Structures are given as C-alpha cells and as structure tokens.
Amino acid sequence: MARGKRGRQGNAGRSGRADRARPIPDERADERGDDAAHAPDTADTTGAADAATGRARGGRTRGRARAGEPVSARVDGGRAELVPDRDRPRGRTLLIDGAPQSHVDLDDPGYLDFSYQRRLGHVADLVAPPGRPIQALHLGGGAFTLARYIAASRPRSTQQVVEVDGPLVAFVRRELPLESGWRVRVRGGDARAGLGKVPDGWADLIIADVFSGARTPAHLTSAEFLAEARRALRPGGWYAANIADGAPLAHLRAQVATARAVFAETCLTADPAVLRGRRFGNAVLLAGDGALPVAELTRRAASDPHPGRVEHGRALADFTGGARPVSDADATASPAPPPAAFD
C-alpha cells in the first residue's frame with residue numbers, strides 16, 4: 001500500500017487530508033451465504049474472531065484503538081506502528097518503519113484519508129450499483145482499509161484479503177479488529193500465489209496494493225500476472241492497482257502498457273504533478289474488458305480535496321511513450337522512493 005497524500009475527504013461523502021507521496025509494502029464472516037460458499041477454500045480468519053478477541057480483552061467489539069496511545073510491534077516488513085489521529089478519536093495511521101501505509105477510523109469505516117485510497121474508493125463505489133454486494137479480492141492487506149470501506153458501503157459483500165506478512169495481520173487484527181458481521185476472509189501468503197487459488201470469474205473487483213518495503217515485487221508487475229487477474233474477474237469486472245513511481249516514470253508507463261496489452265479498456269488517475277514526473281507519488285490504474293466509468297471518475301478526481309487527473313484513450317496511449325509490456329522474463333520491482341518522499 002503505497003503512501004498517498006492525505007486529505008479530509010472520504011468516498012462516502014466525507015471529507016478527508018491532502019496526500020503525501022507514499023509507496024508502501026506489501027474473514028470469512030461468521031455467517032456464510034451462497035457467494036461465500038464458492039470462495040476459495042483456504043485457511044482464514046474472521047471478523048467474528050476479531051470481535052471476540054476484543055471482548056475477551058475488555059475492548060469494544062468495534063476495536064481497541066486505545067485512545068492517545070501509539071502502539072507498535074515487530075512484523076516481517078519491519079517495525080509496525082499505529083499512531084492516533086488527533087482529529088478522530090478512534091482513527092489510526094499504520095506506519096511501517098516510519099512510512100505511512102494506511103489509515104483507519106474504527107468509528108467510520110467509510111472514511112478514507114489518503115488520496116490514493118480515496119481514488120480506489122471511487123472505483124469500489126462505481127463497480128456496481130450503490131449498496132449492491134460484490135465479491136472483492138484484495139492483494140495486499142495492510143490495515144484492511146478498503147476491505148472495511150466495502151464492507152460498510154456494500155453490506156454482505158464477500159471479500160478476500162491476501163497478505164504475506166503474518167505478524168502484521170495479527171497486529172492489525174488485535175489492535176483494529178474487523179466487525180463481527182463482515183464477510184471478510186484474510187489469508188496469509190504471496191499475492192500471486194493467492195490469486196492463483198481464486199476460481200475463474202469469481203471477483204467483481206480486484207485491488208492490487210502490494211509493496212515489499214517501499215517497492216512492488218517484480219512478479220506482480222508482469223503481463224502474466226495481469227492475465228491471471230483477468231482470469232479471476234467476472235465478465236465486466238475491474239482490476240485496480242496502486243502504482244508508485246517518480247521521474248522519468250518508466251515503471252508507471254510500462255505498467256500502463258502492460259495493462260493495455262491484457263485488458264480491452266484502461267484508465268489512470270493521479271495527481272497531475274505525479275503524471276508530469278514532478279514528484280514521486282501514487283497513481284491508480286483501472287482496467288477491464290468492458291466500458292469504464294471514465295466521466296464519473298474524472299468528475300470525482302477533479303472534485304477531490306487533492307484533485308487528480310484521469311487519462312484514458314489516446315492520451316493514455318501517448319502517455320506510455322512507446323513503453324513495452326512487461327513479461328515475467330524481464331520484470332523488475334517498482335523503483336524505490338527518494339529519501340525525501342516521506343518527509
């Protein structure tokens with residue numbers, strides 16, 4: 001989950017913080033319905049278990065988030081810390097080795113703080129009619145911010161999260177438990193391996209937000225990886241990825257070219273300064289085989305507290321600058337951010 005500028009705008013009509021450029025690392029509910037029964041049959045953890053843990057320790061069902069008190073733990077990716085939000089009593093920012101990864105407000109899961117998360121929230125809002133349950137796959141877990149958002153805005157959605165950092169999952173579940181009624185399954189393991197276990201046509205939406213340290217691993221940047229994502233999408237489903245890059249934008253251009261080689265339709269949303277290579281930051285790539293909501297995404301990006309621009313069609317093709325699609329044979333990790341990226 002790459003760090004983005006923060007803003008006071010939430011995708012459910014709330015207002016969120018202005019975004020800082022940030023690249024980042026990388027439950028089944030207690031009540032299963034028909035959709036959940038068709039989800040991949042793998043080990044999982046549940047919102048119900050999270051809630052029970054909170055009660056056993058004297059916490060609230062909606063999560064511990066101890067007021068005014070940073071908490072930390074060693075995880076596979078480094079030192080994880082949850083820092084209180086001065087403006088939101090039960091809001092917390094997750095940092096890994098000092099780099100902000102994501103933000104959660106346990107009192108308001110519909111609130112999205114980082115701009116890249118708001119852009120992904122726009123995608124989640126538009127993938128189906130308002131309130132309709134969907135099946136979503138999250139590659140990269142972090143603090144489960146987008147899974148919480150979808151669970152709150154689309155009740156009875158069936159979601160799966162694949163996160164390789166087991167100690168991070170345990171830390172987040174202990175300090176920021178998932179709600180007991182949410183149908184969210186969290187699985188440990190590599191994102192590409194987890195994707196390979198998803199049945200054909202299962203997902204309405206796949207969100208890829210995977211970082212190891214501050215870089216997206218090479219094997220999650222190739223056409224073969226995107227073809228696997230396309231296989232797991234239902235007809236008309238969407239793939240959305242958080243991509244971090246800076247000048248000369250070679251990685252971002254190649255990722256767009258790769259998506260264009262696999263999917264029929266693509267668009268890209270980012271701060272204009274990022275698209276011009278003026279600063280290191282995050283861009284959200286959206287792809288699918290059907291029409292994308294370019295006009296509505298453009299409207300939402302333009303009206304965001306930290307405005308973004310949407311590129312598609314000929315303008316997006318020109319943006320690639322002749323970049324070639326990436327294959328497994330020549331894939332490389334995304335670039336490391338400059339030292340000042342998190343200042």
Side-chain angles (χ1 to χ4, degrees), residues 1-9 11 15-25 93 95-103 112-123 208-216 221 240-260 266-287 292 294 297-326 332-343:
M1 310 182 179
R3 173 175 103 198
K5 290 195 173 178
R6 304 176 71 195
R8 278 290 164 219
Q9 193 255 336
N11 291 296
S15 123
R17 270 177 233 182
D19 173 84
R20 290 174 291 179
R22 144 214 175 213
I24 314 328
T93 298
L95 300 91
I96 304 291
D97 286 342
Q101 307 295 303
S102 54
H103 178 279
L112 298 176
D113 196 53
F114 293 138
S115 67
Y116 89 91
Q117 291 181 329
R118 296 196 304 274
R119 303 196 204 290
L120 288 170
H122 295 158
V123 171
D209 188 10
V210 188
F211 288 78
S212 176
R215 307 178 70 185
T216 299
T221 68
N242 176 31
I243 302 170
D245 200 7
L249 299 177
H251 175 70
L252 181 57
R253 297 181 200 279
Q255 288 302 287
V256 172
T258 304
R260 285 170 55 84
T266 54
C267 68
L268 185 71
T269 308
D271 182 325
V274 173
L275 293 177
R276 296 187 187 111
R278 293 180 180 173
R279 69 171 180 84
F280 196 100
N282 301 84
V284 170
L285 175 66
L286 179 62
L292 301 177
V294 172
L297 284 173
T298 300
R299 185 190 70 78
R300 293 185 183 216
S303 61
D304 194 83
H306 192 81
R309 192 173 80 216
V310 177
E311 297 285 13
H312 65 101
R314 174 49 55 189
L316 186 58
D318 292 343
F319 173 80
T320 65
R324 298 174 60 84
V326 176
T332 58
S334 65
F342 304 123
D343 290 349

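Sequential numbering from 1 along the given sequence is applied to the chain's residues. Every value quoted in this text rests on a predicted model; they were computed, and no experiment measured them.
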TODO: Could you check if a side-chain atom of N282 sits within less than 4.5 angstrom of a side-chain atom of V274, using non-hydrogen atoms only?
DONE: no
TODO: Of all the heavy-atom pairs spanning T258 and P325, show the shortest one and how long it is.
DONE: OG1-CA, 3.5 Å
Open item on the list: Taking the side chain as everything from C-beta on, heavy atoms only, tell me whether H312 gets closer than 4.5 Å to L292.
Closed with: no
Open item on the list: Is the shortest side-chain heavy-atom distance between P305 and R118 below 4.5 Å?
Closed with: yes
TODO: Look at R314 together with D318 and state whether they make a salt bridge at an N to O cut-off of under 4.0 Å.
DONE: yes
Open item on the list: Are the side chains of T221 and H251 in contact, using a 4.5 Å heavy-atom criterion?
Closed with: yes
- [ ] Could you pull out the closest heavy-atom pair between S334 and R215, with the gap in Å?
- [x] O-NE, 2.5 Å
TODO: Might you work through the side-chain contact (heavy atoms from CB on, under 4.5 Å) test for R119 and V123, ending with a clear yes or no?
DONE: CA-CA 7 Å; R119 303 196 204 290; V123 171; over 6 Å; no
Task: Criterion side-chain contact (heavy atoms from CB on, under 4.5 Å) on S102 and Q117, from CA distance to verdict - done: CA-CA 8 Å; S102 54; Q117 291 181 329; 3.1 Å; yes
TODO: Mind checking the CD-OG1 spacing from Q255 to T216? Nearest 0.5 Å is all I need.
DONE: 8.0 Å
Task: Taking every non-hydrogen atom, the tightest pair across P307 and A302 - done: CB-O, 3.9 Å
TODO: Considering non-hydrogen atoms only, spot the tightest contact between F280 and P338 and give its length.
DONE: CD1-CD, 3.4 Å
- [ ] Mind checking the CG-NE2 spacing from L112 to H122? Nearest 0.5 Å is all I need.
- [x] 8.0 Å
- [ ] Give the C-alpha distance, both sets of side-chain angles, the deciding distance and a yes or no for side-chain contact (heavy atoms from CB on, under 4.5 Å) between L268 and L252.
- [x] CA-CA 10 Å; L268 185 71; L252 181 57; 4.0 Å; yes
Open item on the list: Using a strict threshold of under 4.0 Å (side-chain N to carboxylate O), is an ion pair present between D271 and R309?
Closed with: no
- [ ] Provide the closest heavy-atom pair for A247 versus G277 in the form atom of the first, atom of the second, distance.
- [x] CB-O, 3.2 Å
Open item on the list: So L316 and T266, do their side chains get closer than 4.5 Å, heavy atoms only?
Closed with: yes
- [ ] Taking all non-hydrogen atoms of both residues into account, name the closest pair between A257 and A323 and its distance.
- [x] CB-O, 3.3 Å
Open item on the list: Rounded to the nearest 0.5 Å, what separates atom CZ in R253 from atom CZ in F319?
Closed with: 4.5 Å
